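Here is the structure we will look at, set down as structure tokens.
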2 protein chains.
Amino acid sequence: MKTITMADVAKHAGVSKSTVSQFLNKRYDYMGAETKGKIEKAIEELGYSPNIVARSLKQKSTKTIGVIVANILHVFSTQVIRAIEDYCNESDFQIIVCNADDDPVKEKRYIDMLRAKQVDGIIAFPTGGNVELYKKLIDAKFPVVFMDRILKDVQIPTIMTDNVKASSLAVGQLVERGYRKIGMISPPIHTCVTPRLERMDGYKQALEKNGIPLNPNLLVSGELTELADKIHNMLTQASPPEAIVASNDRVLLEVLAYTKKHHLAIPKDIALIGIDDVSFAGIYTPSLTTIAQPAFQMGKKAAELLLSLIRDKSNEEVFGIYRFEPTLITRESC
Amino acid sequence: MKTITMADVAKHAGVSKSTVSQFLNKRYDYMGAETKGKIEKAIEELGYSPNIVARSLKQKSTKTIGVIVANILHVFSTQVIRAIEDYCNESDFQIIVCNADDDPVKEKRYIDMLRAKQVDGIIAFPTGGNVELYKKLIDAKFPVVFMDRILKDVQIPTIMTDNVKASSLAVGQLVERGYRKIGMISPPIHTCVTPRLERMDGYKQALEKNGIPLNPNLLVSGELTELADKIHNMLTQASPPEAIVASNDRVLLEVLAYTKKHHLAIPKDIALIGIDDVSFAGIYTPSLTTIAQPAFQMGKKAAELLLSLIRDKSNEEVFGIYRFEPTLITRESC
DNA sequence: CTGAAAGCGCTTACAG
DNA sequence: CTGAAAGCGCTTACAG
């Protein structure tokens, strides 16, 4: 199976390679109708399809972007990827997906690999462990957009949920329902995972705004595996919370596992609101009140920004943090 | 920012491009230690990283594969992709993800694009609408592996859940629990979506094996949007089922929405088992008995087969259908 | 042990 | 309106 190239088409059509190339790139300006016809026919007959790798080498653009997520298994990442893919597809870009697993070493390997493959840009959920590398990328005017994590002192457009708002929506809803003793459960608070931090901050601010003093005993964070114990301690203390904000979907699952195991009625024994609108929120009993992140809009925006940066690498206007509003979905759990 | 090339490294190290290339490809056989040192130093000093596009053009291998799924939002697809990515990562392959949305036109566009980009192979959840195209690919010895769908008369290795077994596991469990009037609810039955067909067949076979006559009134299939009505009709007929097999996760969600809305107790009013182990199966009340598909193993196998096909394109031994055993996870819903 | 040369399949000024 | 030529950044026989 000899692969057929532009040279073959040119010979078959009786024109030069240049002319075929012009044709393929739709530079018809001065092309004779007859020439066009001959080339079309030759392409058809030979079943020619251009080699984009060769074009990429010459044009120094691969029409491909890299997307580095922490883990494609997370629903939020999946939705973001889907939105990016849809947007890119319209512009004839492809995406290479990488799972960095929150490991800076893997992240660096992927970045190097993507650059070696000459991708035109990268959208990343940065781990926080490669600040210097990202700085080099900006120095080289390599287009990058961040998603869901803020890195200090790095001039890169960043797409974020308004996490403070998310918490404030959650606390606000609980307060409105008459709860005052409101706990929060979060994954481990590392400085690099911005949403966790911001949601915690937002929780504190919202309490204050509602005139509720912060009670450290109602605040729990820890690895998923140790959360069950910590939840138990929190709920069995002298003055337990009447309501809980679950900081994300995985925490919510832990809380639900706990309430099920201990036969706690929601919202009678403990009211509940979760950040992330999980798939089963509507069919759970009771149905779960949640805060939804606009993942699709966020993914689309990330793709938009990246492609605009790819088109104009020195467009500094795009820098900054883009906040997307979460929404409250009221159901029965609080 | 001039990008630095192999020629720059060669000049800087005082050797030829060929020698640098040998070095990069670890063909150290006859290379002097001194030469090696000079090149290493030059690469280091210049911060050189090879252009893989150029290499790909010459070597006719991009170390990239395409993965065409119906929809990355489906949990099963996500898990398969994750497994593929993990496996490819070990072999220094990258994956380009495409969503064909069960649309043959989109599927064809993606296949053409991936080939133009010179990917080394494709893993696809085929729509069934591009049989001729796939046949051409095999004729051209282009490596392809199918996932989750069987296309007749196409010589392509195909990874499948043993769907008949999945249904038989489900029906078996219900029978063991004492149910005889067992219904099944399925998405629309199109011939091209193999799992639906096979699960339906498996259901029928399992009934027969258990000496239960098939009752067409206990068999429902339809679009997700019309399922609520159809479920209603099924459950309010003269002789309704005592137990239901939900053919996949999305159907299960519909059933659950229905039972919640109509305050049906599970399993008292209606017992339930779902194919696909949904994330909330354990924390639902009652917890849900499910049949799990080994998505990760399946994804890994697909990647294995594809890479082996890429290494040896005429390896016909790999053709055939690979069946993976689903497992019963017993919980409380039946 | 290392280098000169050709070539992968395109694109792009430039000449005519 | 079309073609010859150079070049993108590598790899790979081959010669020495």
Side-chain angles (χ1 to χ4, degrees), chain A residues 1-40 42-43 46-64 92 112-113 115-120, chain B residues 1-40 42-43 46-64 92 112-113 115-120:
Chain A
M1 246 292 295
K2 190 189 166 304
T3 72
I4 92 115
T5 77
M6 207 160 85
D8 301 320
V9 176
K11 204 190 304 169
H12 197 87
V15 300
S16 77
K17 285 195 303 171
S18 320
T19 306
V20 177
S21 179
Q22 310 282 25
F23 175 86
L24 288 173
N25 292 290
K26 308 206 194 306
R27 309 185 83 75
Y28 299 140
D29 313 4
Y30 301 107
M31 195 169 296
E34 193 197 353
T35 311
K36 241 154 100 172
K38 281 191 297 187
I39 296 176
E40 239 157 23
I43 289 177
L46 297 173
Y48 169 71
S49 108
N51 179 330
I52 294 192
V53 172
R55 171 185 299 169
S56 296
L57 178 59
K58 185 69 190 177
Q59 294 193 154
K60 296 173 174 313
S61 153
T62 52
K63 290 251 189 183
T64 306
D92 266 322
D112 290 343
M113 174 56 82
R115 293 220 66 195
K117 284 212 169 166
Q118 314 296 115
V119 297
D120 294 338
Chain B
M1 245 289 298
K2 188 189 166 304
T3 73
I4 92 113
T5 77
M6 207 160 85
D8 300 319
V9 175
K11 203 192 302 170
H12 197 87
V15 299
S16 76
K17 285 196 303 172
S18 320
T19 307
V20 176
S21 179
Q22 310 281 26
F23 175 86
L24 288 172
N25 292 289
K26 309 208 193 306
R27 309 186 81 75
Y28 299 141
D29 313 5
Y30 301 107
M31 194 169 295
E34 194 196 353
T35 311
K36 241 153 100 173
K38 282 191 296 188
I39 297 177
E40 239 156 24
I43 288 177
L46 297 173
Y48 169 71
S49 107
N51 180 329
I52 293 191
V53 172
R55 172 185 298 169
S56 296
L57 177 58
K58 185 69 189 175
Q59 293 192 155
K60 298 172 173 314
S61 153
T62 52
K63 289 247 185 189
T64 307
D92 267 322
D112 290 344
M113 173 56 81
R115 293 220 66 195
K117 284 212 169 165
Q118 313 296 115
V119 297
D120 295 338

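Each chain gets a letter, A, B and so on, in the order the sequences are listed, and its residues count up from 1. Because the structure is predicted, anything quoted here is derived from the model rather than measured.
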Rounded to whole Å, please give me the gap between [atom1] in [X] and [atom2] in [N].
X       : N      : atom1 : atom2 : value
A:Leu24 : C:dT11 : CG    : C1'   : 11 Å
B:Ile39 : C:dC1  : CD1   : P     : 14 Å
B:Ile4  : D:dC10 : CD1   : C1'   : 13 Å

Would you please name every residue forming a side-chain hydrogen bond (donor to acceptor under 3.5 Å, both in side chains) with [X], sequence neighbours left out?
X        : value
B:Thr19  : B:Ser16
A:Lys117 : B:Thr64, B:Gln94
A:Ser18  : none

Query - Position toward the 5' end of DNA chain C (nearest nucleotide), B:Ser16 or A:Ser49 - result: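 Comparing both residues, the 5'-ward one is B:Ser16.
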Could you run down the sub-3.5 Å N/O contacts of the protein with nucleotides 6-9 of chain D?
| from | atom 1 | to | atom 2 | distance (Å) |
| --- | --- | --- | --- | --- |
| D:dG7 | N2 | A:Lys58 | NZ | 3.4 |
| D:dG7 | N3 | A:Lys58 | NZ | 3.1 |
| D:dC8 | O3' | A:Lys60 | NZ | 2.8 |
| D:dG9 | OP1 | A:Lys60 | NZ | 2.7 |
| D:dG9 | N2 | B:Ala54 | O | 3.4 |

Between the protein and nucleotides 13-16 of chain D, which nitrogen or oxygen pairs come in under 3.5 angstrom?
none

Query - From CA spacing to verdict: side-chain contact (heavy atoms from CB on, under 4.5 Å), A:Lys60, B:Asn51 - result: CA-CA 10 Å; A:Lys60 296 173 174 313; B:Asn51 180 329; 5.6 Å; no
State, to 0.1 Å, how close [X] and [Y] come at their nearest heavy-atom pair, and which atoms those are.
X       : Y       : value
A:Met6  : A:Ser21 : CE-CB, 3.7 Å
A:Thr35 : A:Val15 : CG2-CG1, 3.9 Å
A:Ser56 : B:Val53 : CB-CG1, 4.0 Å
A:Gly14 : A:Lys38 : O-NZ, 4.4 Å

Requested in this report: Check whether any side-chain N or O of B:Ser49 sits under 3.5 Å from a backbone N or O of A:Ala116 as a donor-acceptor pair, and report yes or no.
Outcome: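 Between the backbone of A:Ala116 and the side chain of B:Ser49 there is no qualifying donor-acceptor contact (under 3.5 Å).
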Query - Whether over 12 other heavy atoms sit under 6.0 Å from A:Lys63 NZ - result: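 Yes, NZ of A:Lys63 has more than 12 neighbouring heavy atoms, counting only those of other groups under 6.0 Å.
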**Report entry** Secondary-structure stems for DNA chain C, with pairs counted as Watson-Crick or G-U when both distances are under 3.5 Å and runs at least 3 long
**Finding:**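 Expected stems, ordered by start: C:1-3 with D:14-16, C:5-12 with D:5-12, C:14-16 with D:1-3.
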Query raised in the report: Taking C-beta and beyond as the side chain, do A:Leu57 and B:Lys58 meet within less than 4.5 Å on heavy atoms?
Result: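 They are not in contact (no side-chain heavy atoms under 4.5 Å apart), so the answer is no.
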Requested in this report: Please determine if a side-chain N or O atom of A:Thr19 lies less than 4.0 Å away from the OP1 or OP2 oxygen of D:dG3.
Outcome: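 Affirmative; the distance criterion is met.
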